[in-house]
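When a residue number appears, it is its place in the shown sequence, counting from 1. The structure displayed is predicted, hence computed values, not measured ones.
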Amino acid sequence: MDAAGRLRLAWFVVRTRLSRGLVALTLVMVAYGLVSAAYLYTGRVTLPPADVRFYRVMAIAYSAILLFLSSMQGGMAVLKSDRDYLFTLPVSRSELAFSLYVGQLMLGGLLTVAWLGWYLPFVEVPPGYAAFDLVLFVLLMTSLSASVAELPAKRRALAASAIALWAASGVWNPVSPSSFFSAHFLAGTLTLAALSVGLTSYTLRRLGRAPLIVGSQASQPSPSEGPVLSFQGARGPAALLRMKLNSITLSGRVGGFSAGGSRYFSRRVSLLKFIGYLAAASLSLLAAALALYALGLLPTGYQAVRDARSGGATAFWLLFYMPAVIAEVLFIGFSSSDVINERPWLAFTSLSPGRYLRLSALSWALVTLASLVPFSIAYLAIWLLGVWPAIGLLPQLLITTPALSVLAYFASASLVMMPQLRYEGFTPGQAGARGLVLVIIVMVPVVMLSYSLSSFSFSLYSSLASLALVSPLLALDRPWASASRKLVERGYV
């Protein structure tokens, strides 16, 4: 196949993954970022050194978060249409691997360019480095999403955490995939180029040799590992809450390089076991914070956090802000996992549809609240030692995140952002413009967290406003009844 044929095949794969509306909106966002960046570069807009350092820290923190989330993905996205049609085409494995890689790249690459590209003029990255580094970063994200997936879940989490910490070290470490944001332009670009080119080449070679499973031979998801519950004496709402509050449903992709093994899974995990994992992570966070506090490397006042020139402020942002953002993104994003696992025609026979979905969203908010308690205790302990900005994270974790998880749950159901997961082993379907609503909901607490570290009043009042926003959804069945009808109309059974 010639180059034109490869591009046509890649474009076909992209169209199966992204709707036209989502591609159009994303391209508008990218175009806006490019135009604004060109204006800032040509206008030679300069910022005070303290502001430049602040934006550098934020860009590095966000790049570390993106690399963590990419590493936690489970291999290449494979749709049912791929196995039924794409895998049967008379094309070589290398051409097929290239098309799957481009499709994966488009899923997250454009939004990454729109998000991180905005920072480049502010952190004074030269134009010659900016475009080149963004392309390399997107290649690295895409390759990580495929290669790290070969590891078991626990090792994958450790690898993702190590990669994120390496990226976060770009604040002071020139040999880091994100150090080009912090004025280490040559060293950072060379590191990023070596890592991206090497890992991309490795990923494409492995994809080209991966076994393919076609037709109806889809691999089956892993069985649930949730607790065995007794529903004796519990009916209706009591039975629903007992089920939802004793386990958490996690969904995602697993499988690594084998396109046949890359599948969408759904697993029910004991809530107490899940909270135990989070408690271990929060203890590690607390231990690191105590070590830095003993060395005098953490700021103790709000002004020190606002002063981006402070090394202690940098450590504080990376140690406190990054874990809080990752926790919020995961729990608000996972709300859609609970929705796509619903079986309306069975569930709605036990309760009215509106009440069932409302109680499901309420239970998810309570699960989110319980899961974030360990991190909140860690931040509270640091505040008691005298690191005053840590207290600003508590209202965001304990009020804003559960509240916005309800809003995300309602948006996922009302807009039917994703097709129902039917245990076919396939990624549910095409990503559409509706998914941007969930992205916006996730971005709101990310921004709120950054301001909460410098103002407890803002944190408290904004969290109460979030709770007031979702109170009607927690009190009324009618909006949820409308959402339940839309689920059924869009094919949920």
Side-chain angles (χ1 to χ4, degrees), residues 25-26 28-30 32-33 36-37 40 47 50-69 108 111-123 164 168 178 181 302 305-308 313-314 316-336 368 372 375-376 379 389-409 411 435-470:
L25 285 175
T26 307
V28 168
M29 295 170 62
V30 172
Y32 173 78
S36 60
L40 291 171
L47 298 175
D51 291 344
V52 172
R53 181 171 177 81
F54 172 77
Y55 282 121
R56 285 175 175 170
V57 172
M58 295 301 295
I60 289 173
Y62 288 142
S63 65
I65 292 169
L66 288 173
L67 291 178
F68 175 85
L69 296 176
L111 284 176
T112 301
V113 170
W115 187 9
L116 286 182
W118 181 85
Y119 283 96
L120 294 174
F122 294 104
V123 299
S178 62
F181 282 116
Y302 289 108
V305 173
R306 296 189 185 103
D307 185 4
T314 300
F316 185 89
W317 280 91
L318 295 178
L319 186 64
F320 289 85
Y321 180 72
M322 274 183 53
V325 167
I326 291 174
E328 287 198 334
V329 169
L330 289 178
F331 280 101
I332 295 176
F334 271 146
S335 60
S336 62
T368 300
L372 293 177
F375 282 100
S376 301
Y379 292 137
I391 195 66
L393 294 171
L394 267 65
Q396 295 299 308
L397 292 178
L398 298 178
I399 301 178
T400 300
T401 304
L404 291 184
S405 70
V406 173
L407 184 61
Y409 200 105
L436 288 178
V437 176
L438 184 60
V439 173
I440 294 172
I441 295 174
V442 168
M443 287 302 300
V444 169
V446 171
V447 176
M448 290 168 62
L449 269 174
S450 64
Y451 288 100
S452 298
L453 286 173
S454 57
S455 174
F456 177 74
S457 298
F458 173 85
S459 179
L460 181 61
Y461 293 143
S462 62
S463 62
L464 292 176
S466 302
L467 183 60
L469 176 67
V470 301

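- Considering all non-hydrogen atoms of both residues, A408 and I441 come closest at CA-CD1, 4.0 Å.
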Could you give the side-chain donor-acceptor pairs of residues 326-333 under 3.5 Å, partners two or more places apart or in another chain?
{"from": "E328", "atom 1": "OE2", "to": "T401", "atom 2": "OG1", "distance (Å)": "2.7"}

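- Shown here are the side-chain hydrogen bond (donor to acceptor under 3.5 Å, both in side chains) partners of Y321, two or more places apart in sequence or in another chain: Y62.
- To the nearest 0.5 Å, atoms CG (L404) and CE (M443) are separated by 13.0 Å.
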Table please: side-chain donor-acceptor pairs of residues 392-400 below 3.5 Å, with sequence neighbours left out.
{"from": "Q396", "atom 1": "OE1", "to": "T400", "atom 2": "OG1", "distance (Å)": "3.4"}
{"from": "Q396", "atom 1": "NE2", "to": "S452", "atom 2": "OG", "distance (Å)": "3.4"}
{"from": "Q396", "atom 1": "NE2", "to": "S459", "atom 2": "O", "distance (Å)": "3.1"}
{"from": "Q396", "atom 1": "NE2", "to": "S459", "atom 2": "OG", "distance (Å)": "3.4"}
{"from": "Q396", "atom 1": "NE2", "to": "S462", "atom 2": "OG", "distance (Å)": "3.1"}

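- Y379 and A390 get closest at one heavy-atom pair: O-CB, 3.6 Å.
- Residues F458 and M448 share a closest heavy-atom pair of CE2-O, 3.5 Å.
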